[in-house]
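Okay, so here's the structure we're looking at.
Fair warning: this is a prediction, and the values are worked out from it, not measured in the lab.
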Amino acid sequence: MSEKRINIAIVGLGFGAEFIPIYQKHPNANMYAICQRNEEKLAEIGDAFGIEKRYTSYEELLKDPNVDAVHINTPIQSHAEQSIAALRAGKHVACTVPMATTVEECRQIVEAVKETGLTYMMMETVIYSREFLFVKELYEKGELGKIQFLRASHQQEMAGWPGYWEGLPPMHYATHCVGPVLALPKAQAAYVSCFGSGRIDEDLIPKYGSPFAIETCHIKYKDSDLSAEVTRSLFNTARQYRESFDVYGSKKSFEWTLVEHEDSVIHTGESPEKVKIPDYAHLLPKEIQHFTTAGVYDGEENQHLSFIQGSGHGGSHPHLVNEFLNALVDNRAPYPDAKESANITCVGILAHESAMKGGEIMPLPDFTFK
């Protein structure tokens, strides 16, 4: 492994604090700086993890010549502006999902990457979860045979979340279900058609003008005989939280469990068998392997902090960090890079637009294609 170390700055310390100890222990990272507008929280996190370089101003952070890369974990409406600003300031970017909230913002990020030659990666958790890595291994070994169809869903209840979530169109936050169906075959979406169904509470509708309780989108793949279906709900729909994907192959198929913590199912021909999903920590540097199954806080003294969330997102967090850092060290594109991230994100944006137009086919823009 290369001994090169990348100076990382984490922006946003709610969910973002989850990643601090992973970067601190990764052999190719120097957890250099943190950024948070709230000075009290900035001090709490900085003191807990021993990080001396602290910023309340994102603009000031970007002026720091020692910052090599930023990992953005701010509210979704800030992602595009902050990603573009970082790229223009000469920083590599890792950004939590979604990439942006409009097709035009996605285009601007792709253009900024092209013009600067810097690296952008959308940190989509599902495509680095142990479940996805398990199915990916089956596929690459040929055990699934030819992929025939993919399906994914992301259902949750967002009542009580911060105000900007209220009434959000379901497909505007669809990367957790779009990501896996595109990532497994390493494909891009060519066009989408989506239908809305049901109706959310009337007081939730005006903010975004979106009435639908559920949106269901069909995706046609570019240069492929494959298509996929993804389902998303955010309000007024009874369902245990679920991020899932199913893959149907000519030899074997994988279906996600219907109930959390129960076993998923592998179908071989017409014979079903429950399967225990293994962990994939062995793919990581030994220093961060334990973060796939243990809490990501750094020692007993930090367990009072608000960001204790267990292993989180199928053990994906250390895999995401490792992919981003390896891409920088090896001078290669990460997965997903800017164009792939734009394709995944624009599926959701255009799917909602399709739903509002009664299922009209919406083509993905050319800038999202590899």
Side-chain angles (χ1 to χ4, degrees), residues 3-79 81-83 85-87 89-97 119-121 123 125 161-162 164 284-285 287-292 294-313 316-325 328-329:
E3 295 181 0
K4 183 178 180 181
R5 292 168 71 87
I6 309 295
N7 281 351
I8 299 290
I10 289 184
V11 184
L13 299 178
F15 177 55
E18 284 266 320
F19 292 89
I20 291 174
I22 304 175
Y23 281 113
Q24 285 182 320
K25 292 184 181 299
H26 195 288
N28 293 123
N30 175 34
M31 186 57 250
Y32 172 74
I34 52 176
C35 182
Q36 172 77 26
R37 285 178 297 182
N38 184 308
E39 289 191 29
E40 183 179 349
K41 182 160 188 180
L42 182 69
E44 180 186 23
I45 302 295
D47 290 348
F49 289 104
I51 300 170
E52 295 182 8
K53 205 69 176 177
R54 308 172 190 181
Y55 289 94
T56 56
S57 165
Y58 184 60
E59 292 73 20
E60 289 302 310
L61 181 148
L62 293 183
K63 294 177 184 177
D64 188 335
N66 292 318
V67 173
D68 297 318
V70 296
H71 184 166
I72 297 169
N73 300 276
T74 53
I76 59 176
Q77 65 268 25
S78 301
H79 292 178
E81 180 182 1
Q82 291 181 337
S83 294
L87 292 164
K91 317 300 184 187
H92 302 288
V93 174
C95 184
T96 191
V97 300
T119 296
Y120 174 95
M121 177 180 171
M123 303 293 263
T125 54
W161 282 59
Y164 66 84
L284 299 166
E287 294 90 343
I288 63 169
Q289 289 180 356
H290 65 286
F291 289 123
T292 65
V296 298
Y297 42 88
D298 188 20
E300 294 293 325
E301 70 275 13
N302 294 328
Q303 293 195 29
H304 67 284
L305 297 176
S306 63
F307 52 78
I308 297 172
Q309 295 177 10
S311 58
H313 294 113
S316 63
H317 297 172
H319 291 283
L320 288 164
V321 166
N322 193 54
E323 171 67 7
F324 182 55
L325 291 170
L328 297 181
V329 170

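- Considering only heavy atoms from C-beta on, Phe291 stays 4.5 Å or farther from Val321 through its side chain.
- In this structure, the separation between CE on Met123 and NE2 on His71 is 4.0 Å, given to the nearest 0.5 Å.
- Residues that satisfy the ring-ring contact (aromatic ring centres under 6.0 Å, His included) test with Phe324, not counting sequence neighbours, are absent from this structure.
- The side-chain contact (heavy atoms from CB on, under 4.5 Å) search around Pro162 returns Tyr164, Trp165, not counting sequence neighbours.
- Between Ile6 atom CD1 and Thr119 atom OG1 the span is 9.5 Å, to the nearest 0.5 Å.
- More than 12 non-hydrogen atoms from other residues, nucleotides or ligands lie less than 6.0 angstrom from CD of Gln289.
- Minimum heavy-atom separation, Lys4 to Val329: O-CG2, 4.2 Å.
- Summarising the geometry, atom NZ belonging to Lys91 is positioned 12.5 Å from atom CD1 belonging to Ile72; distances are rounded to the nearest 0.5 Å.
- Residues His26 and Asn322 bring a donor and an acceptor atom of their side chains to less than 3.5 Å of each other.
- Residue pairs that meet the salt bridge (charged side-chain N to carboxylate O under 4.0 Å, His left out) test with at least one member in residues 49-60, sequence neighbours left out, are Asp47-Arg54, Glu60-Lys63.
- Side chain of Gln82 to backbone of Thr74: no donor-acceptor contact under 3.5 angstrom is found.
- Taking CD1 of Ile51 as the start and CG of Leu42 as the end, the distance is 9.0 Å to the nearest 0.5 Å.
- Annotation: side chain of Phe49 is not in contact with side chain of Ile34 (no heavy-atom distance under 4.5 Å).
- Atoms CG and CZ, from Leu328 and Arg5 in turn, are 14.0 Å apart once rounded to the nearest 0.5 Å.
- Heavy-atom minimum distance, His290 versus Glu287: CE1-O, 3.4 Å.
- Relative ring orientation between His317 and Phe19 is described as tilted, the plane-to-plane angle lying within the 30° to 60° band.
- Scanning for ring-ring contact (aromatic ring centres under 6.0 Å, His included) contacts around His79 gives an empty result, with sequence neighbours left out.
- If you take CD1 on Ile22 and CG on Leu325, they are separated by 10.5 Å, rounding to the nearest 0.5 Å.
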Would you be so kind as to tabulate the donor-acceptor pairs closer than 3.5 Å made by side chains of residues 9-16, with sequence neighbours excluded?
none

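- With sequence neighbours left out, Asn7 forms a side chain to side chain donor-acceptor pair (under 3.5 Å) with Asn30.
- When all heavy atoms are compared, the tightest approach of Leu284 to Thr292 is CD1-CG2, 3.5 Å.
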